[in-house]
Student: 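Structure provided below as structure tokens; questions to follow.
For the numbers below, each heavy atom of this structure counts, side chains included, while hydrogens, waters and symmetry mates do not. In what follows, every chain begins at residue 1, and chains take the letters A, B, ... in the order their sequences are listed.
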Protein chains: 2
Amino acid sequence: MKNNIKVQRAIHDMTQADLAEKIGVSRQTINAMEKNKYVPSTVLSLKIAKLFKIPLEDIFFLEDED
Amino acid sequence: MKNNIKVQRAIHDMTQADLAEKIGVSRQTINAMEKNKYVPSTVLSLKIAKLFKIPLEDIFFLEDED
DNA sequence: TCTATATGTAAAGTTTGTTTTACTTTTGAT
DNA sequence: ATCAAAAGTAAAACAAACTTTACATATAGA
């Protein structure tokens, strides 16, 4: 799975720390997500989509190997 | 978080085992998800939304306590 | 009623997400 | 060139997802 969180942050002019605080996780969690170190929970991805006011599928994308 | 996987299964006339097999998890995982025993990963929820051909937010819902 | 299929549940174990702390590197502004 | 903020990274510890096995309950049809 891939994501474009970094782009969404740029659009909204937020740092990783900003986003982390808004959705209630650590900054490292945001960083690791952006670097595709792991797959976040559905609660987390729903919160991010809600914050950015766009469909979850516009931020997170399945890949062939998923 | 809540979900209406059971309803979607009914619409598509699928058993828990059917769904489990289609998205590549165990039947107990589907059962536990339906009974809100845990929060699935974003890959799993994306696969379910894709299978049912509806937006993820039409299946999984944030609650106030999330 | 008997049987097959679907669902619910539980415990143990493995894997993976997430936090915390802490340090390094990059970037941009002055 | 310097400084501060932002981003990258890493290890240890803990929490949660997910699997496997196994059994119990429900439901519907023959």
Side-chain angles (χ1 to χ4, degrees):
Chain A
M1 195 188 69
K2 286 191 315 180
N3 70 77
N4 64 12
I5 294 173
K6 188 169 187 170
V7 173
Q8 301 301 325
R9 277 199 305 108
I11 293 173
H12 295 269
D13 194 24
M14 299 176 77
T15 67
Q16 291 180 344
D18 289 337
L19 177 54
E21 198 208 318
K22 290 236 182 196
I23 66 177
V25 294
S26 70
R27 180 182 67 81
Q28 284 76 355
T29 295
I30 300 296
N31 187 277
M33 285 177 53
E34 290 190 4
K35 306 297 276 185
N36 291 309
K37 293 278 182 60
Y38 62 74
V39 174
S41 74
T42 301
V43 164
L44 257 192
S45 51
L46 278 174
K47 283 184 180 178
I48 293 174
K50 183 179 182 184
L51 180 66
F52 290 142
K53 298 195 174 77
I54 57 179
L56 193 145
E57 283 94 339
D58 287 359
I59 306 177
F60 298 92
F61 314 93
L62 282 179
E63 293 179 288
D64 294 340
E65 63 263 34
D66 290 325
Chain B
M1 196 187 67
K2 286 191 313 181
N3 70 77
N4 63 14
I5 295 174
K6 188 170 189 169
V7 172
Q8 301 301 324
R9 277 199 303 109
I11 293 173
H12 294 268
D13 193 24
M14 300 177 77
T15 67
Q16 291 179 344
D18 289 336
L19 177 54
E21 197 209 320
K22 291 236 180 193
I23 66 177
V25 294
S26 70
R27 180 182 67 82
Q28 285 76 355
T29 294
I30 300 297
N31 187 278
M33 285 177 52
E34 290 191 5
K35 306 296 275 184
N36 291 310
K37 292 281 181 59
Y38 62 74
V39 174
S41 75
T42 301
V43 165
L44 257 192
S45 51
L46 278 174
K47 283 184 179 177
I48 292 174
K50 184 179 181 184
L51 180 66
F52 291 141
K53 298 194 174 78
I54 57 179
L56 193 144
E57 283 95 339
D58 287 359
I59 306 176
F60 298 92
F61 314 93
L62 282 179
E63 293 178 288
D64 294 339
E65 63 264 35
D66 290 326

Student: Please classify the nucleic acid contact of A:Thr15 as base, sugar-phosphate, or nothing, using heavy-atom distances under 4.0 Å.
Tutor: sugar-phosphate
Student: Between C:dG8 atom P and B:Ile5 atom CD1, what is the distance in whole Å?
Tutor: 12 Å
Student: Would you kindly give the NZ-to-P distance between B:Lys35 and C:dG8, to the nearest whole Å?
Tutor: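 In whole Å, C:dG8 P and B:Lys35 NZ are 5 Å from each other.
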Student: Atom NZ of A:Lys37 to atom P of D:dA10: distance rounded to whole Å?
Tutor: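 The answer, rounded to whole Å, is 6 Å.
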Student: Can you tell me the distance, in whole Å, between the CD1 atom of B:Ile30 and the P atom of D:dT19?
Tutor: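 In whole Å, D:dT19 P and B:Ile30 CD1 are 9 Å from each other.
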Student: Considering just the side-chain nitrogens and oxygens of A:Gln16, establish if one lies under 4.0 Å of OP1 or OP2 belonging to D:dG8.
Tutor: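 Answer yes for this pair, as a side-chain N or O of A:Gln16 is under 4.0 Å from OP1 or OP2.
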Student: Any idea which of D:dT9, C:dG8, C:dT18 is nearest the A:Asn31 side chain?
Tutor: D:dT9
Student: Starting from P on C:dT20, measure out to CD on A:Glu21 and report it in whole angstrom.
Tutor: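 In whole Å, C:dT20 P and A:Glu21 CD are 13 Å from each other.
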Student: Could you tell me whether a side-chain N or O of A:Asn36 sits under 3.5 Å from a main-chain N or O of A:Lys2, the two making a donor and an acceptor?
Tutor: no
Student: Hey, is the side chain of B:Ser41 poking within less than 4.0 Å of OP1 or OP2 on D:dA17, counting only N and O atoms?
Tutor: no
Student: Determine whether A:Val39 and B:Leu51 fall in the same hydrophobic cluster, where Ile, Leu, Val, Met, Phe, Trp and Tyr are linked whenever their side-chain heavy atoms lie under 4.5 Å apart.
Tutor: yes
Student: Between B:Lys6 and C:dG8, is there a contact of a side-chain N or O with OP1 or OP2 at under 4.0 Å?
Tutor: yes
Student: Would one find a side-chain N or O of B:Ser26 under 4.0 angstrom from OP1 or OP2 of D:dT19?
Tutor: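 For D:dT19, OP1/OP2 do have a side-chain N/O of B:Ser26 under 4.0 Å.
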Student: B:Glu34 CD to C:dT9 C1': how many Å, rounded?
Tutor: 14 Å
Student: So does A:Arg27 get a side-chain nitrogen or oxygen closer than 4.0 Å to the phosphate oxygens (OP1/OP2) of C:dT19?
Tutor: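 It does not, given that no N or O in the side chain of A:Arg27 lies less than 4.0 Å from OP1 or OP2 of C:dT19.
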